[in-house]
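Shown next, in structure tokens, is the structure this report addresses.
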Amino acid sequence: SYIIRVPIELEEVTGGTASTNRPDARSHAIGVESAKFPVIWGGVQYLYSGTADIVKNNGAFWNPITDTWKAMSSNNAPTARYGVPAMTDGSRFFIWGGTNGNTGLANGKVYIRVVDSGPSSPSWVSVSTSNAPDSRADYGGCVIDGWFFIFSGADGTSFRDDAYMFNSVTDTWNNSISTSGIPDSRIKPACVWTGKEVIVFGGEHNTGNALNTGGRWTPGSSSFTDAGTWTSMSTVDAPTPKDMFYCWTGKELIVFGATSDTESTGGRYDPNRDIWRPISLVHSPSPRRSRGNNDRGYWTGSEFIISEG
């Protein structure tokens, strides 16, 4: 059984009663909620008053046991941005690309020791731009055995039809990932690592239409420095959400989202059999759209949890 629940809204940073060092209100924050010390960084504060929105380049750790916040170091921090998927390998918090509200970015930083040392002594380290991707935001991203995988995305109307991997230990990029058979370019796709392949699915095409297509990338070796291969995935019974929440359960990719303001959709994909099955919409949350790649949804081991949208 798959249960969809709606937790406290973390992107608006209202979780926790402690106010000291708590980040101010923002949307599209880059957050890692599954870490020992959850992290929130960046994002944008929409003012809706005719004045310029405020894009953030700060953040904080939250300790759920003591309900306290500790500000992240601002020394050598990335420039303000949003539209970046949240990715951590357990000790490094990776930020690449995104947008400052006016233009796409082609730079990034790694925050070292996010989880293993907690918020005690982390630091920002610059990411190499040699062989790095072009500027882009709202790309698909996932972590593969310590590597950070980037798929597609866009800089304004320029959609990217490529993929890259970054090794934060050696500070090197793999820019040789095959584009033969790569899925169409898109923004805000689901992107997960299954343990043997990357699955990318859905998202929004440059026409503005939602997609129900995707693909599977298999690395050619455990070094992840090769081109690998892309294969297609079935679209039979695949959902077509405009935006989506998603997670990997260990066996299936689950997606849930809205097709309109009044209708929701969802599905679960089994890569071993290359088939889609529907998920029940009985008692499901009202139709909602995610606010970017950070609204992934989370798998607890028995339940699929989504945020408000």
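Shown here are the side chain to side chain contact (heavy atoms under 4.5 Å, CB included) partners of Ser130, two or more places apart in sequence or in another chain: Ser128. Scanning for side chain to side chain donor-acceptor pair (under 3.5 Å) contacts around Asn209 gives Thr207, with sequence neighbours left out. Legend: residues meeting side chain to side chain donor-acceptor pair (under 3.5 Å) with Ser232, ordered by chain and number and at least two apart, are absent. Here Thr194 pairs with Lys196, Glu197, Ile199, Trp248 under the side chain to side chain contact (heavy atoms under 4.5 Å, CB included) rule; sequence neighbours left out.
Hydrophobic clustering, with ILVMFWY side chains joined whenever heavy atoms are under 4.5 angstrom apart, keeps Val125 apart from Leu105. Put simply, Ile30 and Ile112 are part of the same group of oily side chains (I, L, V, M, F, W, Y) that touch within less than 4.5 Å, one to the next. Ile54 is not connected to Tyr48 by any chain of hydrophobic side-chain contacts under 4.5 Å among Ile, Leu, Val, Met, Phe, Trp and Tyr, and they are in different clusters. Taking hydrophobic clusters as Ile, Leu, Val, Met, Phe, Trp and Tyr residues chained together by side-chain heavy-atom distances below 4.5 Å, Trp193 does not share a cluster with Ile254. Residues Ile95 and Tyr164 are members of one and the same hydrophobic cluster, defined by side-chain heavy-atom contacts under 4.5 angstrom among Ile, Leu, Val, Met, Phe, Trp and Tyr.
For Arg277 (side chain) and Ile275 (main-chain N/O), no donor-acceptor pair under 3.5 Å exists by modelled atom type. Checking side-chain atoms of Tyr111 against main-chain N and O of Ser73 turns up a donor-acceptor pair under 3.5 Å. Not a single donor-acceptor pair under 3.5 Å links the side chain of Lys109 to the backbone N or O of Val127. The backbone N or O of Gly97 lies less than 3.5 Å from a partner atom in the side chain of Arg81, making a donor-acceptor pair. For the pair Asn167 (side chain) and Trp147 (backbone), a donor-acceptor distance under 3.5 Å is absent. With Asp226 contributing its side chain and Gly220 its backbone, the two residues share a donor-acceptor pair below 3.5 Å. Without hydrogens or angle criteria, Thr300 side chain to Glu303 main chain gives a donor-acceptor distance under 3.5 Å. With hydrogens and angles ignored, the 3.5 Å screen pairs a side-chain donor or acceptor of Trp217 with a backbone N or O of Ala227.
Counting heavy atoms from C-beta on, the side chains of Glu252 and Trp299 never come closer than 4.5 Å. Side-chain contact between Met72 and Trp41 is present, with heavy atoms from C-beta onward closer than 4.5 Å. Counting only heavy atoms from C-beta outward, the side chains of Val84 and Tyr82 never approach each other to under 4.5 Å. Contact check for Pro271 versus Met233: no side-chain heavy atoms found under the 4.5 Å cut-off. Counting heavy atoms from C-beta outward, Cys247 and Phe304 have side chains that approach closer than 4.5 Å. Within the 4.5 Å cutoff, no side-chain heavy atoms of Trp276 are placed close to those of Val236. For the pair Ile187 and Arg160, the minimum side-chain heavy-atom distance is 4.5 Å or more. Two residues are said to be in side-chain contact when any heavy atoms from C-beta on lie closer than 4.5 Å; Met244 and Phe201 meet this criterion.
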Given side-chain contact (heavy atoms from CB on, under 4.5 Å), test Val200 with Trp230 step by step and report yes or no. CA-CA 10 Å; Val200 296; Trp230 287 97; 3.9 Å; yes

Stepwise, does the side-chain contact (heavy atoms from CB on, under 4.5 Å) test hold for Thr240 with Thr265? CA-CA 7 Å; Thr240 312; Thr265 186; 5.9 Å; no

Show your working on side-chain contact (heavy atoms from CB on, under 4.5 Å) between Asp162 and Arg136 and close with a plain yes or no. CA-CA 11 Å; Asp162 51 20; Arg136 66 192 66 199; 2.7 Å; yes

Apply the test side-chain contact (heavy atoms from CB on, under 4.5 Å) to residues Trp96 and Ile150: give CA-CA distance (whole Å), side-chain angles for both, the deciding distance (0.1 Å), then the verdict. CA-CA 9 Å; Trp96 174 265; Ile150 288 177; 3.6 Å; yes

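Taking both residues in full, the closest heavy atoms of Ser168 and Asp89 are given as OG-OD2, 4.2 Å, listed atom of the first, atom of the second, then distance. Residue Gly31 comes nearest to Ala86 through the heavy atom pair O-CB, 2.9 Å, listed as atom of the first residue, atom of the second, then distance. The nearest pair of heavy atoms linking Asn212 to Pro239 is CB-O, 3.2 Å. Here the closest heavy-atom approach between residue Pro241 and residue Ala210 is recorded as O-CB, 3.3 Å. Heavy atoms only, all atoms of each residue included: Pro285 and Ser264 are closest at O-OG, 4.0 Å. In terms of heavy-atom proximity, Phe256 sits nearest to Ser284 at CE1-CB, 4.2 Å.
Atom OH of Tyr298 sits about 10.0 Å away from atom CD1 of Ile305, to the nearest 0.5 Å. Arg273 CZ to Ser234 OG: the interatomic distance, rounded to the nearest 0.5 Å, is 12.0 Å. Rounding to the nearest 0.5 Å gives a distance of 8.0 Å between OG of Ser74 and CG of Asn57. Taking CE from Met165 and CZ from Phe148, the interatomic distance works out to 10.0 Å, rounded to the nearest 0.5 Å. The line from CG of Leu211 to OG of Ser185 is 8.5 Å long, rounded to the nearest 0.5 Å. Rounding to the nearest 0.5 Å places CG of Asp67 at 9.0 Å from CZ of Arg22.
Aromatic ring orientation, Trp124 versus Phe93: tilted (interplanar angle from 30° to 60°). Aromatic ring pairs are classed by plane angle as parallel below 30°, tilted from 30° to 60° and perpendicular above 60°; the pair Trp62 and Trp69 is tilted.
Aromatic rings from Phe94 and Phe166 are positioned such that their centres are separated by under 6.0 Å.
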Can you give me every donor-acceptor pair (side chain of residues 175-183, partner residue at least two apart or in another chain, under 3.5 Å) with its distance?
| from | atom 1 | to | atom 2 | distance (Å) |
| --- | --- | --- | --- | --- |
| Asn175 | ND2 | Asn131 | OD1 | 3.3 |
| Ser176 | OG | Asn174 | OD1 | 2.6 |
| Ser178 | OG | Ser180 | N | 3.0 |

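Under a cut-off of 6.0 angstrom, the local environment of CD1 in Ile65 is sparse, with at most 12 non-hydrogen atoms contributed by other residues, nucleotides or ligands.
No hydrogens or angles considered: a donor-acceptor pair under 3.5 Å links the side chains of Ser135 and Asp155. Between the side chains of Asp274 and Tyr269, a donor-acceptor pair is found at a separation under 3.5 Å.
Residues in residues 39-61 take part in these salt bridge (charged side-chain N to carboxylate O under 4.0 Å, His left out) pairs, two or more places apart or across chains: Asp24-Lys56.
A salt bridge between Arg186 and Glu204 is absent, with no side-chain N of the basic residue lying under 4.0 Å from a carboxylate O of the acidic one.
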